[in-house]
Amino acid sequence: MSQAQPPLALLAEMSHRCPLRCPYCSNPLELDRGSRELDTATWRRVLSEAAALGVLQVHFSGGEPLVRRDLAELVRHASEVGLYSNLITSAVLLDRARLGELAAAGLEHVQISFQDTEAASADRIAGMAEAHEKKLAAAALVREAGLPLTVNAVMHRQNLEHLPEMIEMAVRLGAGRLEVAHVQYYGWALINRRALLPTKGQLDRATSVVEEARARLKGVLTIDYVVPDYYARRPKSCMGGWGRQFLNISPAGKVLPCHAAESLPGFDFPSVHEANLAEIWYRSEAFNRFRGTAWMPEPCASCERREIDWGGCRCQAFALTGDAARTDPACALSPDRDVLTAARDDAEAPPSDFVYRQIGGAPTKTTATS
Ligand code: SF4
Ligand code: FES
């Protein structure tokens, strides 16, 4: 048995189906079709295995988790086995009846993503008409039901100028927390990077806005903010380190160390059909490959931050260098740092059109705004 600690959190991707088509979706380019999704009995077993393994929190996510009619049953089961349950949703399918069902089943927290503060822009980014209006209505229902709300604001060059309004909207909606989440560039976001990566000037203005709002709204709204990797000097500790705190289960049942790992070649990620979660977490080659520090190349291997950021993000290292075992180029000490410099220069040029997320078929485009 390895020396790994038990995971803290499980991201349960219930489905890749989603009414929205966001061009920065964190799901893989190859989306699982509905026919491949795990059935209710298997999800119940997996949730029980997660609790037995030591997981404390389950985040029901997707795609859009509300497309699953059995969601309330699974929330109830999570609650019965002692898991804290959070719903991460686009909220466009969340009505009073559905929310009541979930709250009665023991749901403890709701996180709603917003694409922008102006309906026309938000709906264009989401690729769905009237999405913004539905989200506002759903957020009000969440607060009416007495559930804590987090607003998840995915920010990029086409909405970053509206950050002050986003903060005010979160306050108005009664959110306790706002995650100012800069787009992470893998999967769909990587092919849309020219449309999404902010300029350095935009980022500097956003950082001042957050600093001012944090001071002004102390005790009212907690604002989580991480500088986007492409402008950082040191990488984030992605997932708190590979195989250290977190596991992800895809709609078809693959068990992954992060939501983007399916895109990494040369991995045989185990399925919940083949083994139980404890075996996968402690013994699988996939979870042990980048666990700890033994796998690290220089400059990470002898760096004093190696047990702080764990060498950054494996998926980003692969996306940018073609090798998941290299130092994340988000680190200024990485020998591959020049790939980020080139992408930042690109951000000064006019944005490209969006390639919208979709299951199967050719991607569609729309006109970008600057
Ligand atoms: Fe982190 Fe590696 Fe950069 Fe050190 S060299 S700061 S461990 S990514
Ligand atoms: Fe996969 Fe960072 S997203 S390790």
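Counting convention: from 1, in listed order, for ligands and their atoms alike.
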| request: Decide if atom CD of Glu133 counts as having more than 12 heavy atoms of other residues, nucleotides or ligands within a radius under 6.0 Å. | output: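 No, the 6.0 Å shell around CD holds no more than 12 heavy atoms from other groups.
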| message | According to side-chain hydrogen bond (donor to acceptor under 3.5 Å, both in side chains), who are the partners of Glu144, at least two apart in sequence or on a separate chain? | response |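 Listed in chain order: Arg96.
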Show every donor-acceptor pair shorter than 3.5 Å between a side-chain atom in residues 60-67 and any protein atom, with sequence neighbours excluded, or say none if there are none.
residue, atom, partner, partner atom, Å
Glu64, OE1, Thr89, OG1, 3.0
Glu64, OE1, Ser90, N, 2.8
Glu64, OE1, Ser90, OG, 2.8
Glu64, OE2, Leu66, N, 2.9
Glu64, OE2, Thr89, OG1, 3.0

| message | Test side-chain contact (heavy atoms from CB on, under 4.5 Å) on Leu74 and Arg44; report intermediate values, then the result. | response | CA-CA 6 Å; Leu74 296 173; Arg44 287 171 63 101; 3.7 Å; yes
| task | For this output row, return yes or no: ring centroids of Phe267 and Trp242 closer than 6.0 angstrom. | result |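 Yes, ring centres under 6.0 Å apart.
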| query | Between Asp336 and Arg326, is the closest basic N to carboxylate O distance under 4.0 Å? | reply |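 Here Arg326 pairs with Asp336 in a salt bridge, since their nearest N and O are under 4.0 Å apart.
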| query | Which heavy atom of the protein is the closest neighbour of atom 4 (S) of ligand 2, given with residue, atom name and distance? | reply |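 Among all protein heavy atoms, the one nearest atom 4 (S) of ligand 2 is Arg314 N, 3.4 Å.
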| Ligand-side contact atoms (ligand 2) for residue partner Cys313, heavy atom cut-off under 4.0 Å |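 So the atoms of ligand 2 that pass are 2 (Fe), 3 (S), 4 (S).
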| field | Numbering as shown, the atoms of ligand 2 that approach Cys315 to under 4.0 Å (heavy-atom distance) | value |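 Taking each heavy atom of Cys315 in turn, ligand 2 has 1 (Fe), 3 (S), 4 (S) under 4.0 Å.
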| said: Within the structure, is a non-hydrogen atom of Tyr186 found at a distance of less than 4.0 Å from ligand 2? | reply: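 Right, Tyr186 reaches ligand 2.
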| message | Suppose the cut-off is 2.8 Å; which protein N/O/S atoms would you list for atom 1 (Fe) of ligand 1? | response |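 As for protein N, O or S atoms lying under 2.8 Å from atom 1 (Fe) of ligand 1, they are Asp309 OD1, Asp309 OD2.
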| How are the rings of Tyr185 and Tyr230 set relative to one another: parallel (under 30°), tilted (30 to 60°) or perpendicular (over 60°)? |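 Taking Tyr230 first and then Tyr185, their aromatic rings stand perpendicular (interplane angle over 60°).
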| In chain order, what residues pass the salt bridge (Lys or Arg N to Asp or Glu O under 4.0 Å) check against Arg143, with sequence neighbours excluded? |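 So Arg143 forms no salt bridge (Lys or Arg N to Asp or Glu O under 4.0 Å) with any residue.
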| task | Heavy-atom distances under 4.0 Å are what count here, so tell me which part of Cys238 touches ligand 2: side chain, backbone, both or neither. | result |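 Side chain only.
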